[in-house]
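Beneath this line is the structure, given in structure tokens, with notes to follow.
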Amino acid sequence: MQIIDAHAHLYDVPNYLRNLIQTMDEFGINKCCLSGLGKIFNCKTNEDVRKALKNYPKRIIGSYFIRPGRSNPNEIEEAHNQGFKMLKISIPTKAYNNRSFFPLWKQAEKLQMPMLFHTGIVTIFQNGQKENISSWNMHPMRLEPIANAFPNLNLIIAHLGVHWNEDAAELIRMRPNIYSDITGEPDGWRMRADNIGMKKWLWWEGAFKKLLFGTDVFYSKIPLILKQDKIRLDNYNIDENTRKLYFSKNILKLLEMD
Ligand SMILES: [Zn+2]
């Protein structure tokens with residue numbers, strides 16, 4: 001079965017890219033959607049991702065990082081011209097749904113670039129304390145006005161909202177253009193959610209059809225994430241067709257690569 005990691009980052013660690021590709025080879029991950037969140041998240045930059053994309057065009061799908069309030073629509077167009085196919089969005093200066101950010105979403109819709117939004121409490125990073133970052137700005141419900149205003153744009157909620165699981169799940173149930181990943185650290189919110197049972201939030205028939213696979217962890221933890229996800233799908237008796245959607249078909253459809 002084809003596997004695409006829809007949520008991967010290029011960490012600022014020597015030989016990270018080579019190790020990531022090697023891990024993907026070893027564990028049967030065909031492609032990953034890679035973004036660089038910059039120094040503040042101990043990551044490389046968009047420019048480094050662009051180079052990675054050139055070196056591994058068949059393995060990497062470029063995901064361009066924007067920070068609403070700091071990024072502009074022209075930049076998105078330029079990124080698209082350089083081969084980036086989706087956007088990764090985090091730490092906005094105001095709430096995601098602030099009207100002043102709408103030109104960004106309009107541009108993304110025009111270029112048909114799906115948008116992966118960080119949602120939930122954000123990890124405090126180096127030098128980030130002074131940035132006036134509020135996780136409230138990244139509440140999943142902030143995406144509702146964007147999804148409504150841009151019906152031809154596809155949105156992906158990262159981490160099923162971390163601790164706002166109920167809101168994130170109801171959004172993917174009620175809005176055709178909102179999806180979610182269930183990424184995160186192996187011992188983070190996923191552990192809590194598994195203890196309770198994810199079906200508490202993903203309760204309706206076909207809920208897993210709106211999810212997509214991603215990792216969002218350091219390369220060395222990717223095998224564990226993949227293993228946990230396979231066990232999870234087994235535990236919830238997820239059928240073969242839904243597994244294919246989860247592991248590759250959903251993201252390929254959003255990227256118009258199917
Ligand atoms: Zn991430």
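Order of appearance sets the numbers: ligands from 1, and atoms from 1 within every ligand. Computed from a prediction, not measured in an experiment: that's the story for all the values here.
- Between Phe65 and Phe41, the two ring planes are perpendicular [angle over 60°; tilted spans 30° to 60°].
- Of the options Glu78, Glu75, Gln82, a side chain to side chain donor-acceptor pair (under 3.5 Å) to Tyr64 is made by Glu75 and by none of the others.
- Sorted by chain and number, the protein atoms of type N, O or S within less than 2.8 Å of the Zn ion (ligand 1) are His7 NE2, His9 NE2, Lys88 NZ, Asp216 OD1.
- At least one test fails for Arg243 against the ring of Tyr246: distance under 6.0 Å to the centre or angle within 45° of the axis.
- In this structure, the separation between CG on Leu255 and CD on Gln112 is 10.5 Å, given to the nearest 0.5 Å.
- Ring-plane geometry between Tyr219 and Tyr16 is classed as perpendicular, the angle between the planes exceeding 60 degrees on a 0 to 90 degree scale with a lower cut at 30.
- Note: Phe208 and Tyr236 have tilted aromatic rings, judged against thresholds of 30 and 60 degrees for the angle between ring planes.
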